[in-house]
2 protein chains.
Amino acid sequence: MEITLHAPLDMHLHLREGAMLQTVAPLSARDFAAAVVMPNLVPPVTSLERLLAYREAIVAAAQPHQFLPLMTLFFQDYDEASLRAARPHIIGVKLYPDGVTTNSAGGVSDLAAVEPTLALLERLAIPLLVHGESHGFVLDREAEFLPVYERWAQRFPQLTIVMEHITTAGALQLLQRYPNLAATVTLHHLLITLDDVAGGLLCPHLFCKPIAKRPEDREALLAAALAAQPRLMFGSDSAPHPVDRKEAAGCAAGVFTAPVILPLLVDLFARHHALERLQAFVSDNARAVYGFTPPAKPVTLRQEAWQVPARYGTVVPFYANQTLAWRVEVPRV
Amino acid sequence: MEITLHAPLDMHLHLREGAMLQTVAPLSARDFAAAVVMPNLVPPVTSLERLLAYREAIVAAAQPHQFLPLMTLFFQDYDEASLRAARPHIIGVKLYPDGVTTNSAGGVSDLAAVEPTLALLERLAIPLLVHGESHGFVLDREAEFLPVYERWAQRFPQLTIVMEHITTAGALQLLQRYPNLAATVTLHHLLITLDDVAGGLLCPHLFCKPIAKRPEDREALLAAALAAQPRLMFGSDSAPHPVDRKEAAGCAAGVFTAPVILPLLVDLFARHHALERLQAFVSDNARAVYGFTPPAKPVTLRQEAWQVPARYGTVVPFYANQTLAWRVEVPRV
């Protein structure tokens, strides 16, 4: 059996720089037509010059695959001239509260103070992508941020606000209430809960921010994904770290899913008799939210077992060493 | 300033065997008059012969310190003759639901089936020590087990039932309702929440079962400990694992607190102006619950800074490399 997806899109991706970029970019570039590239490098991507250089590095690393990096600027109080200059080159601006996740130092510390910039983004029709977590107790952080999303959705009705990597049933409910809210959801939050991270042995390779939540949250996210709920987009948040930063006394947050996303999504949707909605979840919903047309790129998966490697370079992937039922057919280039 | 505790007791301790026993036993033996030794070895301690040999090994490893190991049998459906034979040598029988924590394979899989043995323990006046967790979602496991405690407390009113290493406000509430229930609480559950384990970087050395819970749970436990609430005993659940089983793709559960317990407890009680209740929490409450008199052993702590080592043998301790304000005065032997 074969499944062909048309221009699958990963709407939330970490590609890093340097050697790590060389390792991971081809894996996403093989399977996806385009991806939204996160700007939380060290230092973050805050200038057009740096953004363009980063895009060039990504395109080079992605060779020989046809792959469109959709670039984002790290949120700051940019002036109008800067945003107008950047606009042709970006898909949005990514806002991080200060210190909430990997390389988010330098993010926003006063959420009230950003509203003039949000008004500017709204006027310029530049989407706002948000890592929506408070600094509260780890399991409550997303829930505590929802009132911020709601306030912004109300105050900036023409601004497209993307709630990135949502993990709770409450975020899904909010999504349905405001047409200018959109959301991404990862593969791993459709599959795991905190039980998989910490219920048996502690599994650092499943540790991420936002942390995986309760079974009822996972079930709500999965139901919404399988239904291809409008404005809910696939975004992997694939976030590679070298193994010595994961199996360590202080383990960095991030799950590296890039090489296994499409095989696992096809398997998941097939098991739930929802394959006919996978195209919408993994591509069409994002086209509608962002109003863009990706380059044509059919990606075919064949039902054929393969074993996920133990490592890609220094990185342990999601489902390492496990056998998957579907394989991406690598095109002749 | 100096503080002298009279026969401090650790009512829940893992000492392991072999080289690990040699490393960790002297640390507890220096600071405590006695400790309840858990039987979850591989294979578990299920015979009097093995129990006596283990006790002998502990006493030898504890040299030159004066230290009384209070031994426990791993729960099975023992017959009356076995329990009568063991009774002079044990402080209780420890029940593990099958597979809930380190080396708990072979534990109880049918909680209803154990009641005849509980009746026997009640008749023989042998306390029952329980790892009270269900097999549910990791944060709900203790709460889901509370009805089992309640049923047993009602059905076996003369049986002393110790809810080991409680982590929730709900368990404290249950403790107050039944005079035949007692409980232990660890040092680390008075100090940390899930935020410390997984709120920033993931910290495998703070990962334990039951997992640390919410801030309001920690606050309730701390308030009860500082009040030296009756039938609430100190039990460290100090549980050493070699560093290569902690900083690993699958990290074993357990926090190794043994070398820092008394300094941190004195500091904690001093900061909360509760030093006058530390003696009850760390010794007198346990004497009342178990109706036993420990050997006389004054242990003095002096207000003098020292740095916790990075390792004890292969084990990373709680508060590794940090400076503590109180030091146990090692007696001349």
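A, B, ... follow the sequence lines: proteins, then strands. Residue 1 opens every chain.
The residue among A:Cys203, A:Ala320, A:Ala198 with the most heavy atom pairs within less than 4.5 Å of chain B is A:Ala198. Between chain A and the residues B:Val197, B:Asp140, B:Val316, the most heavy-atom pairs under 4.5 angstrom are made by B:Asp140.
Taking the side chain as every heavy atom from C-beta outward, B:Ile211 and A:Leu194 never approach each other to under 4.5 Å.
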Counting only pairs under 3.5 Å, give me each side-chain donor-acceptor contact of residues 239-256 of chain B, with atom names and distances, residues two or more places apart or in other chains.
unit_1: B:His241; atom_1: NE2; unit_2: B:Arg16; atom_2: NH2; d: 3.4
unit_1: B:His241; atom_1: NE2; unit_2: B:Ala253; atom_2: O; d: 2.8
unit_1: B:Lys246; atom_1: NZ; unit_2: B:Pro204; atom_2: O; d: 2.9
unit_1: B:Lys246; atom_1: NZ; unit_2: B:Phe207; atom_2: O; d: 3.2
unit_1: B:Lys246; atom_1: NZ; unit_2: B:Ala252; atom_2: O; d: 2.8
unit_1: B:Lys246; atom_1: NZ; unit_2: B:Gly254; atom_2: O; d: 2.7
unit_1: B:Glu247; atom_1: OE2; unit_2: B:His205; atom_2: NE2; d: 2.7

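Without hydrogens or angle criteria, B:Lys209 side chain to A:Leu201 main chain gives no donor-acceptor distance under 3.5 Å. For the pair B:Arg214 (side chain) and A:Leu139 (backbone), a donor-acceptor distance under 3.5 Å is absent.
Contacts between residues 217-224 of chain B and chain A, counted as heavy-atom pairs separated by less than 4.5 Å, involve no residue at all.
Looking at every heavy atom in both residues, A:Val138 comes nearest to B:Asp195 through N-OD1, 2.7 Å.
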